[in-house]
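When a ligand or atom number is given, it counts from 1 through the structure's own listing order. The first residue of the sequence shown is numbered 1, and numbering continues consecutively from there.
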Amino acid sequence: MSDLQNQMKKAVAEAAVEQFRDGMIVGLGSGSTAALMIKGLGQRLASGQLKDIVGVTTSFQGEVLAAELGIPLRSLNAVDRIDLAIDGADEVDPSFQLIKGGGACHVQEKLVAARAERFVVVVDSTKLVQRLNLEFLLPVEVLPGAWRQVQQQLAAMNGKAELRMAHRKAGPVVTDQGNLVLDVRFEDGISGPVDLERSINNIPGVLENGLFVNLADEVLVGEVNDDLAGVRRLEKAG
Ligand code: 5RP
């Protein structure tokens, strides 16, 4: 990650923490931007600037980090509501449709985002695209015993899918749920995310895909202009 991108992530993570209020149940996303946001939340709880916050994490990463920082946590099943969820994204289009799952956490991330009263997305400006999937591949979590079958089904939908391989471990990435991830490229990108999300999830063996459609309420973008890091609230198109 470049130093510039890091500055943008820090700026937007700081703006994200400003959205938390005392007494909230908050969804805590995954990835490097969300991790900065979780650290900021931990600092505010430790200093007393915020109190009575309960977090619902979206990954093993978030759970470990939040526990280290002393952020009280509950499972999704143990809460009746989530007031606000904040998470990063891999791509954001002008209608606030997203690709997520760069960290293979999109199953729990989507559960938390869908449960939240408000879902705020925090990204650096490199994540803004006109059309999804021209650059970033679409993650699809699959049952280990079904990955080849799902790969073939995706090929029939003009999607070229590759099993995500691990670094510093032999073999594939294994998700927090014990499944595998196919990363998919559609020729010419994704023109109809709403239908595609549903069609992919209809393939037997698919747990969830990384298209987050009509979930984001607000998108905050970290950017650097004239060496100054700042945050812009994105206007939704159409
Ligand atoms: C993890 C995600 C992340 O939010 C996404 O990959 C963005 O990560 P980062 O903030 O590190 O760029 O969806 O599954």
Side-chain angles (χ1 to χ4, degrees), residues 1-17 19 26-41 55-66 76 84-93 96-114 116 119-129 132-133 135-142 164-167 172-184 190 193 197 200 206-213 215-224 229 231 234:
M1 192 194 316
S2 71
D3 184 47
L4 205 61
Q5 196 177 14
N6 205 24
Q7 283 180 50
M8 298 188 229
K9 284 181 191 231
K10 278 188 180 152
V12 79
E14 187 55 36
V17 178
Q19 305 234 349
V26 298
L28 304 175
S30 308
S32 57
T33 318
L36 290 168
M37 179 269 292
I38 294 172
K39 282 182 192 154
L41 173 61
V56 179
T57 55
T58 55
S59 60
F60 189 74
Q61 176 206 27
E63 197 180 317
V64 170
L65 183 59
L76 195 54
L84 168 66
I86 303 185
D87 204 347
D90 299 296
E91 286 191 341
V92 179
D93 85 0
F96 289 10
Q97 313 296 26
L98 319 173
I99 287 183
K100 285 184 52 53
C105 310
H106 53 284
V107 171
Q108 292 186 54
E109 289 172 338
K110 198 181 281 191
L111 284 168
V112 167
F119 176 41
V120 175
V121 176
V122 286
V123 290
D124 60 80
S125 61
T126 65
K127 309 292 184 70
L128 303 182
V129 298
L132 297 173
N133 193 232
E135 296 288 333
F136 199 86
L137 307 186
L138 177 66
V140 177
E141 181 160 336
V142 295
R164 190 183 298 184
M165 301 308 282
H167 298 289
V173 165
V174 178
T175 69
D176 290 353
Q177 290 72 236
N179 297 311
L180 306 181
V181 176
L182 290 170
D183 286 309
V184 195
I190 294 172
E197 185 203 23
I200 294 176
V206 169
L207 264 296
E208 189 55 83
N209 70 79
L211 277 170
F212 281 45
V213 300
L215 281 175
D217 295 301
E218 191 175 337
V219 177
L220 299 177
V221 186
E223 47 192 17
V224 174
V231 174
L234 208 65

message: Checking Met37 against Leu28 for the side chain to side chain contact (heavy atoms under 4.5 Å, CB included) test, could you report, in this order, the C-alpha distance in whole Å, the side-chain angles of both residues, the deciding distance, and whether it holds?
response: CA-CA 8 Å; Met37 179 269 292; Leu28 304 175; 4.3 Å; yes

Could you tell me which atoms of ligand 1, counted from 1 in the order shown, lie closer than 4.0 angstrom to a heavy atom of [X]?
{"X": "Gly88", "value": "4 (O)"}
{"X": "Lys127", "value": "7 (C), 9 (P), 12 (O)"}
{"X": "Asp87", "value": "4 (O)"}

[atom]: nearest protein contact (heavy atom, Å):
{"atom": "atom 6 (O) of ligand 1", "answer": "Asp90 OD1, 2.6 Å"}
{"atom": "atom 3 (C) of ligand 1", "answer": "Ser30 O, 3.3 Å"}
{"atom": "atom 11 (O) of ligand 1", "answer": "Ser32 OG, 2.5 Å"}
{"atom": "atom 10 (O) of ligand 1", "answer": "Thr33 OG1, 2.6 Å"}

Within-4.5 Å side-chain heavy-atom neighbours: Lys39 and Leu65: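 Lys39 vs Leu65: side chains touch.
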
query: Quick one: does Val26's side chain get under 4.5 Å of Ile86's, heavy atoms only?
result: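 Side chain of Val26 against side chain of Ile86, heavy atoms only: no contact under 4.5 Å found.
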
- prompt: So which heavy atom on Leu84 is nearest to which on Ala116, and how close?
  reply: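 Where Leu84 meets Ala116 most closely, the heavy atoms are C-CB, 4.4 Å.
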
query: Is there a donor-acceptor contact under 3.5 Å from the side chain of Glu91 to the main chain of Phe136?
result: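 Between the backbone of Phe136 and the side chain of Glu91 there is a qualifying donor-acceptor contact (under 3.5 Å).
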
query: Would you say Gly103 and ligand 1 have an N/O pair spaced under 3.5 Å apart?
result: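 By distance alone, the answer is yes.
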
task: Evaluate whether atom CD of Glu135 has more than 12 neighbouring non-hydrogen atoms of other residues, nucleotides or ligands under 6.0 angstrom away.
output: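 No, not enclosed.
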
Residue part near ligand 1, for Ala104, under 4.0 Å between non-hydrogen atoms: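 Just the backbone.
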
query: Got a salt bridge between Glu197 and Lys110, using NZ or NE/NH1/NH2 to carboxylate O under 4.0 Å?
result: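 A salt bridge is present here (some side-chain N lies under 4.0 Å from a carboxylate O).
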
message: When you measure from the heavy atoms of Gly101 to every atom of ligand 1, does any distance fall below 4.0 Å?
response: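 Contact present.
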
task: Run down the list Gly31, Ala89, Gly62 and name the one with the heavy atom closest to atom 7 (C) of ligand 1.
output: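 Selected option, by shortest heavy-atom distance: Ala89.
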
What donor-acceptor contacts under 3.5 angstrom involve side-chain atoms of residues 121-128, with partners at least two apart or in another chain?
from   : atom 1 : to     : atom 2 : distance (Å)
Asp124 : OD1    : Gln5   : NE2    : 3.4
Asp124 : OD1    : Thr126 : N      : 3.1
Asp124 : OD1    : Thr126 : OG1    : 2.3
Asp124 : OD2    : Gln5   : NE2    : 3.3
Thr126 : OG1    : Gln5   : NE2    : 3.3
Lys127 : NZ     : Ala89  : O      : 2.8

